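Shown next, in structure tokens, is the structure this report addresses.
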Amino acid sequence: MSKVAVIMGSTSDMPVMQEAIEVLKGFDIEVEVDIVSAHRTPEKLFEFSKSAHTRGIKVIIAGAGGAAHLPGMVASLSPLPVIGVPVKSSNSIDGWDSVLSILQMPGGVPVATVALNGAKNAGILAAQILGSSDKCMLDKILVYKEGLKQKVIEGAKTIK
């Protein structure tokens, strides 16, 4: 079974990151959750990033607010795809500092970046990445997408 890691810089990020966890569990994906601070626990960040692929993790979702260095630092150390979730934190400048910190990565160190507080989309993207090489997961994604379509069709009927 494929595993996705959902990490964040502090417990205050959990309300946002919980959406990614719920999406992943909805797709029956094993989730490893942890607090890994780029600034307060750099040794843990290095160990986590360098060893994640050896523990069966296939994708890392990293949420961070403020300076938001966590996703980029993880991506610099890990061979796995990293999805960054900018979190609008209490010390944030309307979230733009987090968005730009995650979005503006140098060439060679990619981080897929979702919208501010967009952990739900990060979970879906992680499932789609897994689905690119796992037929069972791809089938679940197709069912999910069909469900989205049906919600729109039903919603359109209610306004007519």
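Not measured: the values here are computed from a predicted model. This chain uses plain numbering: 1 for the first residue, then up along the sequence.
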Quiz item: Can you name the residues that form a side chain to side chain donor-acceptor pair (under 3.5 Å) with Lys149, not counting sequence neighbours?
Solution: none

Exercise. Would you mind listing every side chain to side chain donor-acceptor pair (under 3.5 Å) that reaches into residues 94-110, with sequence neighbours excluded?
Key: Ser92-Asp97

Please table the atom pairs, donor to acceptor, closer than 3.5 Å between any side-chain atom in residues 23-36 and protein atoms at least two apart or in another chain.
residue : atom : partner : partner atom : Å
Asp28   : OD2  : Lys140  : NZ           : 3.3
Glu32   : OE2  : Arg55   : NH2          : 2.8
Asp34   : OD1  : Lys44   : NZ           : 3.0
Asp34   : OD2  : Lys44   : NZ           : 3.3

Exercise. Heavy atoms only: give me the nearest Ile61-Ala126 pair and the separation to one decimal.
Key: CD1-CB, 3.9 Å

Practice problem: Decide whether Tyr144 and Leu142 are clustered together by the hydrophobic rule: side chain heavy atoms of Ile, Leu, Val, Met, Phe, Trp, Tyr closer than 4.5 Å, transitively. | Solution: no

Please list every donor-acceptor pair under 3.5 Å in which a side-chain atom of residues 151-160 meets a protein atom from a residue at least two apart or in another chain.
residue : atom : partner : partner atom : Å
Glu154  : OE2  : Lys157  : NZ           : 3.3
Thr158  : OG1  : Gly155  : O            : 2.6

Mind listing the side-chain donor-acceptor pairs of residues 109-120 below 3.5 Å, one per line with the distance, residues two or more places apart or on another chain?
residue : atom : partner : partner atom : Å
Thr113  : OG1  : Val111  : O            : 3.3
Asn117  : OD1  : Lys88   : N            : 3.1

Which atom pairs, one a donor and one an acceptor, fall under 3.5 Å between side chains of residues 127-134 and the rest of the protein, sequence neighbours left out?
residue : atom : partner : partner atom : Å
Ser132  : OG   : Ile129  : O            : 2.6
Asp134  : OD1  : Cys136  : N            : 3.0
Asp134  : OD1  : Met137  : N            : 3.1

Quiz item: Is there a path of hydrophobic side-chain contacts, each under 4.5 Å between heavy atoms of I, L, V, M, F, W or Y residues, that connects Val82 with Ile57?
Solution: yes

Exercise. Name all pairs fulfilling the ring-ring contact (aromatic ring centres under 6.0 Å, His included) condition that reach into residues 110-131, sequence neighbours left out, sorted by first residue then second.
Key: none

Practice problem: Of all the heavy-atom pairs spanning Ala62 and Pro71, show the shortest one and how long it is. | Solution: O-CG, 3.3 Å

Quiz item: When hydrophobic residues are tied together by side-chain contacts of less than 4.5 Å, even through go-betweens, does Leu70 share a cluster with Met105?
Solution: yes

Self-check item: Over all atoms of both residues, closest heavy-atom pair of Val85 and Ala122
Solution: CG2-CB, 3.6 Å

Quiz item: Any side-chain heavy atom of Val74 within less than 4.5 Å of one from Leu45?
Solution: yes

Exercise. Output every pair passing salt bridge (Lys or Arg N to Asp or Glu O under 4.0 Å) with a member in residues 59-87, not counting sequence neighbours, ordered by first then second residue.
Key: none

Quiz item: What pairs meet the salt bridge (Lys or Arg N to Asp or Glu O under 4.0 Å) rule with one or both residues in residues 74-84, with sequence neighbours excluded?
Solution: none

Quiz item: Taking all atoms of both residues into account, what is the closest heavy-atom pair of Glu146 and Gln150, and its distance?
Solution: OE2-NE2, 2.7 Å

Quiz prompt | Contact list for residues 67-87, test side chain to side chain donor-acceptor pair (under 3.5 Å), sequence neighbours left out | solution = His39-His69

Quiz prompt | Same apolar cluster: Val87 and Val99, side chain cutoff 4.5 Å | solution = no

Practice problem: With sequence neighbours excluded, give me every ring-ring contact (aromatic ring centres under 6.0 Å, His included) pair touching residues 119-141. | Solution: none

Quiz item: At their closest point, which heavy atom of Gly66 faces which heavy atom of Ser89, and how far apart are they?
Solution: N-OG, 3.3 Å

Quiz item: So with a 6.0 Å cut-off around CD of Glu47, is the heavy-atom count from everything else above 12?
Solution: no

Exercise. May I ask whether Ile83 and Ile102 are part of the same hydrophobic cluster, defined by side-chain heavy atoms of I, L, V, M, F, W, Y residues being less than 4.5 angstrom apart, directly or through others?
Key: no

Can I get a per-line list of side-chain donor-acceptor pairs under 3.5 Å for residues 12-21, giving both atom names and the distance, sequence neighbours left out?
residue : atom : partner : partner atom : Å
Ser12   : OG   : Ser10   : OG           : 2.7
Asp13   : OD2  : Gly9    : N            : 3.2
Asp13   : OD2  : Ser10   : N            : 3.3

